[in-house]
Amino acid sequence: MLTINLIREKRNFIVSRLKIKNFEAEQIIDKILSLDSSRREIVSKTDMLQADMNRISKEIGSLIKNGRKEEAEAAREKTYSIKEEIKLMSEKLGPVDTDLRNEIVKLPNLPHESVLPGFGTESNLKVKEGGITTAVPDTFLPHWDLIKKYDIIDFDLGIKLTGAGFPVYKGKGARLERSLISFFLDEGTKAGYNEVMPPIVVNEDSGFGTGQLPDKEGQMYNVTLDNLYLIPTAEVPVTNIYRDVILNADDLPIKNIAYTPCFRREAGSWGAHVRGLNRLHQFDKVEIVQIAHPDHSYKSLEEMVDHVESLVVKLELPYRIMKLCGGDMSFTSALTYDFEVWSAAQKRWLEVSSVSNFESFQANRLKCRFRGKGDKQTQLVHTLNGSALALPRIVAAILENNQSEAGIKIPKVLVPYTGFEIIN
RNA sequence: GGAGAAAUGGCAGAGUGGUCGAAUGCGGCGGUCUUGAAAACCGUUAUGCUGUAUCCACGGCAUCGGGGGUUCGAAUCCCUCUUUCUCCGCCA
């Protein structure tokens with residue numbers, strides 16, 4: 001959510017920046033500005049009336065104390081009409097407030113000045129490519145066949161228990177999953193992240209805090225009996241830790257890492273490209289979240305990108321880093337880098353991580369602020385997050401790229417975790 | 001799940017209808033004293049919205065768990081929700 005101050009002060013700047021995201025903001029902004037000015041008018045009138053009211057009430061108090069009953073009664077008569085006016089004003093204010101908010105939340109975040117225009121993935125900028133390329137045998141299989149061959153992930157069993165997109169990890173498959181989670185958490189901890197284990201169901205307030213509600217309501221599983229939501233990513237609970245919080249500048253940046261299962265309804269996105277592990281309703285992910293000082297948030301972003309890169313390098317996966325163009329970036333992001341790993345058997349790049357700086361867009365909604373030493377005023381923090389990493393496609397890539405006649409070779413760094421070197 | 005009690009500023013804790021944004025203590029910040037520190041003493045110490053000024057500043061409104069109500073006036077009374085504690089029940 002953009003701040004109303006920015007919208008008031010930099011109308012044209014916002015309009016031109018949002019063009020990079022292919023978003024026409026003019027109409028919305030003008031509506032916002034007009035709602036804002038009527039809102040302020042109503043608020044200031046109400047405040048003046050309320051001030052009158054407070055003054056008279058105090059007078060009544062002292063008149064009664066001094067036994068001047070008639071004068072008190074006269075003053076009381078005066079309040080009735082003021083009270084009526086206040087009521088009218090507040091009836092006007094309600095709808096204006098909600099309209100204003102509803103319009104503001106329609107505006108996407110401004111892209112960072114370095115973001116290039118574009119409409120889709122083809123306009124994304126490849127900033128780096130690396131990783132060893134493995135020679136796969138001619139008889140290579142896609143991961144959905146490999147998991148059956150070695151009986152390590154069972155989709156049919158998941159269908160029996162729950163439904164499509166809820167696989168059961170078995171034997172070495174389960175162990176590989178657990179090993180990756182531990183590996184990612186350990187690497188994050190080494191890099192200075194504080195491990196947290198949050199709830200995986202959240203309330204409505206948290207859903208609003210990170211922006212999943214009200215827009216993406218249909219993408220989350222809703223526990224209707226208690227009105228709770230299954231988290232689509234650890235970003236939701238971990239970032240909401242800092243909702244309605246004023247931090248000390250000295251404590252920034254705050255670096256948290258969390259493993260959680262993630263739940264996504266993925267309504268309407270089932271199809272050819274989402275076979276096997278490529279898209280699931282429940283999957284495991286380790287997420288890194290930073291709360292940063294606005295002056296240093298891009299340093300944090302680079303640091304997070306480097307961290308994620310170190311993970312794919314250690315896993316010996318062929319990867320590339322894409323800087324997203326305006327049209328491909330999410331609504332909330334100011335700058336996003338995507339990590340993709342090469343799937344040898346599917347012959348395509350799989351997105352495994354998305355690392356973003358949201359600047360103050362999320363913080364404004366969360367009301368997460370900080371104060372410098374000696375500062376009187378508070379300022380919004382910058383929030384950042386990234387997957388480090390999402391498991392299913394990493395598993396798919398490991399399986400596909402490391403297959404051989406003998407079986408699937410486990411990357412060296414994982415062996416201490418798995419306790420085996422090969423899946424056969 | 002049942003019965004009862006409670007929720008106040010960073011923390012502890014007073015405040016049962018009027019001058020209460022809120023005593024007091026602790027903590028924090030600034031200062032005096034000191035070679036420096038401690039102690040002592042003095043001062044200061046919430047957030048949001050809004051207006052004038054837009055550098056410092058000054059004023060108005062709102063906020064005592066959330067929401068609603070009664071009243072000229074609510075931290076204080078009523079309703080409701082949430083949370084915590086105690087007892088009972090159930091149970092990893």
Side-chain angles (χ1 to χ4, degrees), chain A residues 1-10 32-105 197-209 213 223-229 237 240-252 254 360 363-381:
Chain A
M1 195 165 89
L2 296 176
T3 63
I4 186 69
N5 283 337
L6 187 77
I7 299 172
R8 264 182 219 151
E9 286 159 23
K10 302 209 166 156
I32 288 171
L33 292 175
S34 108
L35 283 166
D36 178 53
S37 76
S38 45
R39 180 186 161 272
R40 283 194 286 172
E41 199 181 312
I42 296 169
V43 164
S44 90
K45 269 188 196 160
T46 313
D47 283 358
M48 273 155 62
L49 291 168
Q50 199 58 251
D52 285 347
M53 200 67 175
N54 290 343
R55 188 177 42 77
I56 296 172
S57 292
K58 276 185 186 173
E59 280 169 20
I60 293 174
S62 70
L63 287 172
I64 288 175
K65 215 171 197 174
N66 298 325
R68 291 150 74 177
K69 285 236 169 63
E70 302 80 38
E71 287 169 71
E73 195 51 45
R76 187 177 300 176
E77 299 279 340
K78 274 199 287 185
T79 62
Y80 298 146
S81 64
I82 300 174
K83 212 180 176 184
E84 202 56 36
E85 277 185 84
I86 290 172
K87 204 179 156 197
L88 279 172
M89 281 297 160
S90 69
E91 276 164 8
K92 267 199 216 168
L93 185 62
V96 173
D97 259 342
T98 45
D99 286 356
L100 182 59
R101 194 186 161 84
N102 289 342
E103 291 303 315
I104 292 177
V105 298
M197 201 179 255
I200 57 175
V201 287
V202 293
N203 59 27
E204 233 176 338
D205 286 346
S206 295
F208 277 103
L213 295 174
V223 184
T224 50
L225 196 59
D226 297 296
N227 200 25
L228 298 172
Y229 294 86
N240 271 283
I241 292 173
Y242 304 96
R243 166 156 51 85
D244 288 317
V245 165
I246 298 173
L247 299 158
N248 290 324
D250 293 347
D251 297 335
L252 303 176
I254 291 169
S360 61
N364 187 34
R365 207 182 243 261
L366 286 167
K367 292 207 219 87
C368 178
R369 292 149 295 174
F370 74 97
R371 195 188 343 245
K373 214 176 155 78
D375 285 355
K376 218 170 153 67
Q377 286 217 319
T378 58
Q379 236 189 105
L380 292 170
V381 298

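Residue numbers start from 1 in every chain, and the chains themselves are labelled A, B, ... in the order their sequence lines are given, proteins ahead of strands.
The CG-C1' distance, from A:L49 to B:G51, rounds to 15 Å in whole Å. Rounded to whole angstrom, the span from the NZ atom of A:K87 across to the P atom of B:U71 amounts to 11 Å. As rounded to whole Å, 13 Å separates atom P of B:U52 from atom CG of A:D47. Distance CG (A:L100) to P (B:U50): 10 Å, rounded to an integer number of Å.
In the set B:U47, B:U50, B:C72, the nucleotide with an atom closest to the side chain of A:T378 is B:U47. In this structure, the nucleotide among B:G73, B:A62, B:U47 sitting nearest to the side chain of A:Q50 is B:A62.
Here A:A51 lies in heavy-atom contact (under 4.0 Å) with sugar-phosphate atoms only. Residue contacts for A:R369: at a heavy-atom cut-off of 4.0 Å it reaches the sugar-phosphate backbone alone, with no base atom in range. Across all strands shown, A:I56 has no heavy atoms under 4.0 Å from either base or sugar-phosphate atoms. Among the heavy atoms of the strands, none lies under 4.0 Å from A:M48. Within 4.0 Å (heavy atoms only), A:S57 reaches at least one base atom of the nucleic acid. Contacts of A:I246 with the nucleic acid, taken as non-hydrogen atoms under 4.0 Å apart, involve only primed sugar atoms and P, OP1 or OP2.
A:R76 has no side-chain polar atom (N or O) that falls below the 4.0 Å cut-off from OP1 or OP2 of B:U71. When the side-chain nitrogen and oxygen atoms of A:N54 are compared with OP1 and OP2 of B:A62, one or more of them lie within a distance under 4.0 Å. Regarding contacts with the backbone of B:C61, every side-chain N or O of A:K45 stays at 4.0 angstrom or more from both OP1 and OP2. Contact annotation: A:R40 reaches the phosphate of B:G51 (side-chain N/O to OP1 or OP2, under 4.0 Å). Between B:U45 and A:R371, no contact under 4.0 Å exists linking OP1 or OP2 to a side-chain N or O.
Going from the P atom of B:G4 to that of B:A92 covers 29 Å, rounded to whole Å. For the P atoms, the distance from B:A39 to B:G28 is 9 Å, rounded to whole Å. Rounded to whole Å, the separation between the P atoms of B:U44 and B:U34 comes to 24 Å. Nucleotides B:C41 and B:C33 place their C1' atoms 9 Å apart, quoted to the nearest Å. For the P atoms, the distance linking B:A6 with B:C79 amounts to 14 Å, nearest Å. The same atom, C1', is picked in B:G17 and in B:A74; the two are 7 Å apart, to the nearest Å. Going from the P atom of B:G73 to that of B:U19 covers 14 Å, rounded to whole Å. When the P atom is used for both B:G48 and B:G10, the distance is 12 Å, rounded to whole Å.
Nucleotide B:C41 has B:G31 as its partner under the Watson-Crick or G-U criteria, with both atom distances under 3.5 Å. Under the Watson-Crick or G-U wobble criterion, with both distances below 3.5 Å, B:G48 is paired with B:C61. Using Watson-Crick or G-U wobble geometry with both donor-acceptor distances under 3.5 Å, B:C87 finds its partner in B:G2. Nucleotide B:U82 has B:A7 as its partner under the Watson-Crick or G-U criteria, with both atom distances under 3.5 Å. Nucleotide B:A75 forms a pair with no other nucleotide shown, judged by Watson-Crick or G-U wobble geometry with both contacts under 3.5 Å. Pair assignment for B:U24 gives B:A12, based on Watson-Crick or G-U wobble hydrogen-bonding distances that are each under 3.5 Å.
Residues A:R40 and A:R8 meet the side-chain proximity criterion, which asks for heavy atoms closer than 4.5 Å. Between A:L247 and A:I254 there is a side-chain heavy-atom pair separated by less than 4.5 Å. By the 4.5 Å heavy-atom criterion applied to side chains, A:L100 and A:I32 are counted as neighbours. Taking the side chain as every heavy atom from C-beta outward, A:N203 and A:N227 never approach each other to under 4.5 Å. A:R76 is not listed as a side-chain neighbour of A:L63, based on a closest heavy-atom distance of 4.5 Å or more.
The nearest pair of heavy atoms linking A:G209 to A:R365 is O-CD, 3.6 Å.
Between the side chains of A:S57 and A:N54, not a single donor N or O lies within less than 3.5 Å of an accepting N or O.
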